[in-house]
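Single-structure report; data block below.
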Amino acid sequence: MALSTRYNPQEVESKWYDHWMEKNYFHSEPDEREPFSIVIPPPNVTGVLHMGHMLNNTIQDILIRKARLEGKNACWVPGTDHASIATEAKVVKKLRAEGIKKSDLTREQFMEYAFEWKDKYGGIILDQLKRLGASCDWERTRFTMEPKLSKAVLHVFVDLYRKGKIYRGKRMTNWDPEALTVLSNEEVIYKDENSKLNYVRYPIEGMEGEGITIATVRPETILGDTAIAVNPKDERYQHLVGKKAIVPMVNRAVPIIADRYVDMEFGTGALKITPAHDMNDYEIGQKYDLPIIDVLNDDGTMSEAAQFYIGMDCYEARKRIVKDLEASGHLIKIEDYRNKVGRSERTDAVVEPRLTEQWFVDMKGFAKTALEAVDKKEVTFYPSHFWNMYYSWLREENIRDWCISRQLWWGQRIPAWYYEDHFFVAETAEEALAQAKEKTGKANLTLDDLRQDEDVLDTWFSSWLWPISVFDGFESPEELKYYYPTNTLVTGWDIMFFWVARMIMSGYEWSESLLGPEMIAQKGRQPFNDVYFTGMVRDNKRRKMSKSLGNSPDALALIDNYGADGVRFGMLSSGAAGNDIIFDAPFDKDTNAVLNESKLCEQGRNFCNKMWNALRLIKGWEVSETAASEEKARINTLAIQWMNNRLQEVIAEIEGNFKEYRLSDALMALYKLIWGDFCSWYLEMIKPDYGKPIDAGTLEATLDIYEELMTTLHPFMPFVTEEIWHQLRDRLEGEDCIISTFPNAKAADADQINRIEAAKSIVSNIRDTRNTKGIKMKEALNVFVQESDRSKALFAQAGLKAMIIKMANLEDLNFTTEDIDNSVSFLVGTEKFYVALKETIDTAAECAKLQKELEYYEGFLVGVRKKLGNERFVNNAPEAVVAKERQKLADGEAKIKSIQETMAQYGCG
RNA sequence: GGGACAUUAGCUCAGUUGGUUUAGAGCGCAUGCUUGACAGGCAUGAGGUCGGCGGUUCGAAUCCGCCAUGUCCCACCA
């Protein structure tokens, strides 16, 4: 069968993915083998594949595929997250477009629409992952809101409540006026924004002409002021403390209080206190027992309590009140100002501090546990410096309780039922009813008398159980006993606190009761042993890729263009763990559209093509059963030995890389091994003359090597390796690269490798001479080497001379004891080589070249001599280091001598 | 305000306990190559006083201090 000159990923990829699925290779069941498990960071159910997912999942797939090749029971559990705020927002928007308001629907109706949407659009992303080659166990696909996982969530809620770790309370919380729900502190993103600092003067009650001026960026909240505060040490305001200021517009008399919280340096040193709309003001309000006047509605419009601008959006009200204050003479001045504004992570709406009644998880104990787990390396972070960020989040003084209730419908409804002024927490309404009956003594209560909490739980309250719940751990821990702890979690550092820390917390909280103390003693309580933090994917201007910027290439289009293997190569070769990935996707200046071009993916695609053409070369050879000529056989034997040595060397290197999660280094090592050593050198060494056959022994050895290369590369580039692996030899049913055996590194003969490196260097030098002298490759050259013990030892290696003759196209290569007339010389190590030329050589050019070389070595030796001349170095440095320096000196001197001789030969000045 | 990480060739990065490094890779660049695996290719080459200044050491890209620049995290400054 004739193979096309180009590798065609489209056909190959779908063919092999289907094949793997058919063979059920991705599926895992507990058995006697060592498990290797990974749980996917569940993407949002309504999400589409973006560059971050591609990076993330490529890495997971590499780890899983390697484990599979190592004979472990590899289990990669996929799934999606219900993403309550994001999904609910999408559904609300879609309904609005159809003229349906959420407020017109019942909870049940809304959920019906939402599930419809989820069934239609949900999970697209998982199919997209298949294009990337992700070898997830699709039979295990889970969803955070599916019945079993929801049941686990309720179980955990009740458990924590009973343990006293969940409480309900009225607190200042972050209100998202667009999503109409509270958020946890972590869901609020603070950014510097431009705003106006308004100076407003409040008259003093009973003191005509007196006033106190405050500065505020939120003048509309003046309507809710219930005090003015100054620093007790501030002499400017001593006489006003204890007096009352008149709040403009509403003409409310509020106390002027003194509190150390107020910074005398800032603004005017006087601070308006609005307990309803500021975290700190709230605390001061508590301290001084100030009334709370909430001037905003939940949607961010002005409330009745504001008295003015009722129903108006607060930003509009802000503009209006400034004008009105100016008109009434209260406004002193306005300054430009930059301050931090908190916005909702999901909706980008400006978050409003608001006093609401919510459910919280007490984080003190959890944080301590999670901190210790990483500190004691029961969970290891890669790269390790992320410990710092983790620590700053979780340390006692920074940790805050986790607000877990959300005023949404899409999610797990809080399992608390109210009756009169009691509430009952239970996994089912029936249990709650039983509690209610007992508590109230009313035996005739029915379910209808109870009212379930309207709110749902934070999405992360289900995600934090993921490593346990995907194995149904809370229901029947059988599988969990096998797969827990999972091996590696691969995720972005941006959700370190949202997700990683909380999974660690939940793992430590529940694994022991689920697995039993014996198993815990053996395996530990951690949900995963290692965490590999990926960087953020950024564009070539270092901006984080995002939909709103439009700078994210279309992931699937990239796969179409370069093939999944090409894209995987591109993603991976971009950087080490934790480093941000600069993904060079250039912008079209005119259309502002991202071009789906990527140098790195192109490199990956070209790599596939290179391997494909090496295959074509090998498959194009005719095979001869008769042995090759003696000389050819020597070259081939030498080449095969060398290639095997190099292969072993690189396999050992890759093992080390994997241990440290240096996957891009591992891939690059293979890239260079395959393209450089295998294609450029090995195949050229053994290549038969045009039209001639290859001997069967050499071909078999070559196929063995190529096969091993494909197995080793398979985790990184699964499709092309599977295809080539099958093209190399006829395979039996069920014999596939994906389930072949990852090689163990065997000892490599370093001396042999060094000898071939020297030979390669000789060949390169001769080629360079051809280049600079304009001598065509076809023209055979005569080369000599200065006879010495070392040169004789080098050429004692069987086949080495013949190999150089072949690779450099030489007429002959012989020892000499004399300088060769009309030749160009070069050094490899300390050995001198002469390339005899037919034309007269350009002496001046040779002299210049030699002079430059001479200067380099002389400079080099200055340093070496200085070291060796230093008594303290000779006395203090380890003997081996000193010996090395002495060798450097001897070699350098020999080289200089040789260069000087050549210069004399040319008669250089 | 506190902290982390970075700064090495035109670009993106390696350089793992200081000594085979007057420093490596990939891409890019330059020069040459028209039949025979591959121009998505081959060969060869040119690029860097390792951000700056001090210090420790026989020896520093590597360890310490200060400074500069950048990225990010945390923090209640209206």
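Chain letters run A, B, ... following the sequence lines, proteins first, then strands; residues in each count from 1.
No hydrogens or angles were tested; on distance alone, nothing pairs the side chain of A/E684 with the base of B/A43 as donor and acceptor under 3.5 Å. Looking at A/K610, its side chain comes within 3.5 Å of the base of B/C38 through a donor and an acceptor atom.
Looking at heavy-atom distances under 4.0 Å, A/Y391 makes no contact with the nucleic acid at all. Here A/R218 lies out of heavy-atom contact (under 4.0 Å) with every strand. A/K272 comes within 4.0 angstrom of no nucleic acid atom, judged by non-hydrogen atoms across all strands. Using a 4.0 Å heavy-atom criterion, one finds that A/Y671 contacts the sugar-phosphate atoms exclusively. Within 4.0 Å (heavy atoms only), A/N870 reaches sugar-phosphate atoms of the nucleic acid but no base atom. Using a 4.0 Å heavy-atom criterion, one finds that A/M389 contacts the sugar-phosphate atoms exclusively. Residue A/C608 is classed as having no contact, given no heavy-atom separation below 4.0 Å to the nucleic acid. In this structure, A/W612 reaches neither bases nor backbone, as no heavy-atom distance under 4.0 Å exists between it and the strands shown. Nucleic acid contact class of A/E879 (heavy atoms, under 4.0 Å, all strands): none. Within the 4.0 angstrom heavy-atom criterion, only backbone atoms of the sugar-phosphate kind lie near A/W675; the bases stay farther away. As judged by a 4.0 angstrom heavy-atom cut-off over every strand, A/N339 is placed among residues touching the sugar-phosphate backbone only. The residue A/K687 sits close to a base: some heavy atom pair falls under 4.0 Å. Within the nucleic acid shown, A/Y190 has no heavy atom closer than 4.0 Å to any nucleic acid atom. The residue A/T772 sits apart from the nucleic acid: no heavy atom pair falls under 4.0 Å.
Spacing between B/A61 and B/G1 at atom C1', rounded to whole Å, works out to 33 Å. Nucleotides B/G19 and B/C53 are separated by 22 Å at their P atoms, to the nearest Å. As rounded to the nearest Å, B/A25 and B/A6 have P atoms that lie 23 Å from one another. Distance check on atom P: B/C66 versus B/G3 gives 10 Å, rounded to whole Å. A distance of about 24 Å separates the P atoms of B/U71 and B/U62, rounded to the whole Å. Nucleotides B/C11 and B/C29 place their P atoms 14 Å apart, quoted to the nearest Å. B/A68 and B/A75 have their P atoms separated by 26 Å, given to the nearest Å. With both ends at atom C1', the span from B/G32 to B/C72 equals 47 Å, rounded to whole Å.
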Go through the steps to decide whether A/K773 and A/E846 satisfy the test salt bridge (charged side-chain N to carboxylate O under 4.0 Å, His left out), and finish with yes or no. CA-CA 11 Å; A/K773 301 296 165 203; A/E846 285 309 304; 3.0 Å; yes
Output, in order, the C-alpha distance, side-chain angles, deciding distance and verdict of side chain to side chain contact (heavy atoms under 4.5 Å, CB included) for A/Y682 and A/I705. CA-CA 10 Å; A/Y682 173 78; A/I705 290 166; 3.9 Å; yes
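To the nearest angstrom, P of B/C38 lies 17 Å from CE of A/M611. In this entry the distance linking CG of A/L197 with C1' of B/A78 reads 8 Å, nearest Å. One can place CG of A/N388 at 7 Å from P of B/A4, the figure rounded to the nearest angstrom. Atom CE in A/M777 sits about 17 Å away from atom C1' in B/U34, given to the nearest Å. As rounded to whole Å, 8 Å separates atom P of B/A39 from atom CG of A/N609. Taking atom CD of residue A/Q603 and atom P of nucleotide B/A25, one finds them 14 Å apart after rounding to whole Å.
Distances shorter than 4.0 Å separate some side-chain N or O of A/N606 from OP1 or OP2 on B/G41. In this structure, A/R6 reaches the B/G40 phosphate: one of its side-chain N or O atoms is under 4.0 Å from OP1 or OP2.
Using cut-offs of 30° and 60° on the angle between ring planes, the pair A/F386 and A/F533 is tilted. Below 30°, between 30° and 60°, or above 60°: for A/F569 and A/Y671 the angle between ring planes is between 30° and 60°, a tilted geometry.
Summarising the base pairing, B/U62 is matched to no nucleotide, lacking a Watson-Crick or G-U wobble pair whose two defining distances lie under 3.5 Å. Judged by Watson-Crick or G-U wobble contacts below 3.5 Å, the nucleotide B/C76 has no partner.
Of the N and O atoms on the side chains of A/E660 and A/Y382, not one donor lies less than 3.5 Å from an acceptor on the other residue.
With ring centers used as reference points, A/F658 lies under 6.0 Å from A/F716. The ring of A/F833 has its center closer than 6.0 angstrom to the ring center of A/F826.
In terms of position on RNA chain B, the residue among A/D768 and A/N613 whose nearest nucleotide sits closer to the 5' end is A/N613.
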